[in-house]
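These values consider heavy atoms only, across backbone and side chains, with no hydrogens, waters or symmetry-generated copies.
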Amino acid sequence: MNMLLRVGQIRRCAASLSQTINQVAASRQKHTLPDLTYDYGALEPYINAEIMQLHHSKHHATYVNNLNVAEEKYKEALAKGDVTTQVALQPALRFNGGGHINHTIFWTNLSPNGGGEPQGELMEAIKKDFGSFEKMKEKLSAASVAVQGSGWCWLGYEKDSGRLRIAACANQDPLQGTTGLIPLLGIDVWEHAYYLQYKNVRPDYVKAIWNVINWENVSERLQTAKK
């Protein structure tokens, strides 16, 4: 009798949990393309308006739309208990979810009033972990240029050690989900980020982007990561 009662309780709990998951999924708001805080032409001459418009309104928008589609399919598969479809959707969730996460950070990492060098706590952390700002800049630039094919290069924060790290991620793999590092500054080295202006000369694009880095945003991300 006790065993039957326990089985009944487990079934009721499972049904309740499934219902809760479905309710949360149904009420979830769809992902949307974030607005930029500056005009498409504001980063010129370092990144031209045509690149920014296509990059934001076409490429990033595509990641957002495809992520919403993938999540809707995943919700349906979850409701049906269709594990095969759930597994099959993982690459689309990773690629489009990563694309949305990465670009949302990227736009805030840039500013028409950017460039120069960071100040305060961020600068001290850079000096501690890399020796100097110039050394960090050289290492991050070299790692960005060295990415094979498409991907991102990041300055991230390692929570356990309290240190800054440089890491590259392929395709749209998100930094934190891939390495555990908290993203502070990302450089997009997909060709759509620079080809219309810099053609296949990625080093020139990487050199130019330092002129529009929003160090205030990077500093804020470091402060948040340390909490």
Side-chain angles (χ1 to χ4, degrees), residues 20-21 23-25 27-38 42-43 56 60 63-64 67-68 71 74 90 93-141 143-144 147 151-189 193 206 209-227:
T20 300
I21 290 172
Q23 288 173 344
V24 170
S27 64
R28 182 190 63 77
Q29 295 295 314
K30 287 185 178 293
H31 300 286
T32 59
L33 182 68
D35 293 329
L36 300 185
T37 58
Y38 43 83
L43 303 182
H56 177 256
H60 190 173
Y63 296 126
V64 171
L67 176 60
N68 284 326
E71 286 193 344
Y74 190 86
Q90 293 303 313
L93 290 168
R94 183 184 184 92
F95 182 75
N96 294 293
H100 182 38
I101 290 169
N102 294 340
H103 285 89
T104 299
I105 295 169
F106 184 62
W107 306 131
T108 65
N109 278 168
L110 305 177
S111 169
N113 301 314
E117 297 184 357
Q119 305 294 322
E121 185 179 12
L122 175 59
M123 182 58 119
E124 292 306 311
I126 288 172
K127 288 179 179 178
K128 177 173 68 75
D129 294 331
F130 297 98
S132 70
F133 172 71
E134 283 304 319
K135 287 182 180 178
M136 183 280 294
K137 185 176 174 181
E138 289 173 7
K139 288 183 178 180
L140 185 55
S141 295
S144 299
V147 172
W152 292 74
C153 200
W154 295 92
L155 177 67
Y157 179 71
E158 189 175 58
K159 194 90 170 177
D160 291 342
S161 67
R163 298 178 68 88
L164 301 180
R165 305 287 189 191
I166 289 172
C169 292
N171 300 312
Q172 293 295 351
D173 290 355
L175 181 69
Q176 191 164 2
T178 304
T179 68
L181 298 175
I182 300 173
L184 305 179
L185 168 63
I187 298 179
D188 185 352
V189 290
V206 172
I209 203 171
W210 292 101
N211 293 285
V212 288
I213 296 298
N214 183 354
W215 291 114
E216 288 186 10
N217 178 263
V218 180
S219 295
E220 290 169 1
R221 290 183 179 279
L222 177 60
Q223 291 172 6
T224 300
K226 285 187 171 185
K227 292 179 181 178

Closest heavy-atom contact between [X] and [Y]?
X    : Y    : value
L140 : I166 : N-CD1, 3.5 Å
N102 : P174 : OD1-CA, 3.8 Å
Y157 : A225 : CD2-CB, 3.7 Å
A167 : L181 : CB-CD1, 3.8 Å
S141 : W210 : OG-NE1, 2.9 Å
V189 : W152 : CG2-N, 4.1 Å

> Listed by chain and number, what are the salt bridge (Lys or Arg N to Asp or Glu O under 4.0 Å) partners of E121, not counting sequence neighbours?
Replying inline: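 If we apply the salt bridge (Lys or Arg N to Asp or Glu O under 4.0 Å) test to E121, skipping adjacent residues, the hits are K226.
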>> Restricting to salt bridge (Lys or Arg N to Asp or Glu O under 4.0 Å), what partner residues turn up for E158, sequence neighbours left out?
In response: R165
Quick check for you: to the nearest 0.5 Å, what is the distance between [X] atom [atom1] and [Y] atom [atom2]?
X    : Y    : atom1 : atom2 : value
K137 : L155 : NZ    : CG    : 13.5 Å
K128 : R163 : NZ    : CZ    : 5.0 Å
E124 : D129 : CD    : CG    : 11.0 Å
I187 : I209 : CD1   : CD1   : 5.5 Å
E71  : L93  : CD    : CG    : 6.5 Å

Does [X] reach the side chain of [Y], with side-chain heavy atoms less than 4.5 Å apart?
X    : Y    : result
Q172 : N96  : no
L164 : L222 : yes
T179 : D173 : no
F106 : H60  : no
F133 : M123 : yes
T178 : R94  : yes

>> Please enumerate all residues that pass side chain to side chain donor-acceptor pair (under 3.5 Å) together with T108, with sequence neighbours excluded.
In response: N217, R221
> Who pairs with W154 by side chain to side chain donor-acceptor pair (under 3.5 Å), at least two apart in sequence or on another chain?
Replying inline: none
> With Q176, which residues qualify under side-chain contact (heavy atoms from CB on, under 4.5 Å), at least two apart?
Replying inline: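 Per chain and number, Q176 pairs via side-chain contact (heavy atoms from CB on, under 4.5 Å) with I182, P183.
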>> Please enumerate all residues that pass side-chain contact (heavy atoms from CB on, under 4.5 Å) together with T37, with sequence neighbours excluded.
In response: none
>> Quick check against the 3.5 Å criterion: does N109 have a side-chain atom that pairs as donor or acceptor with the backbone of L184?
In response: yes
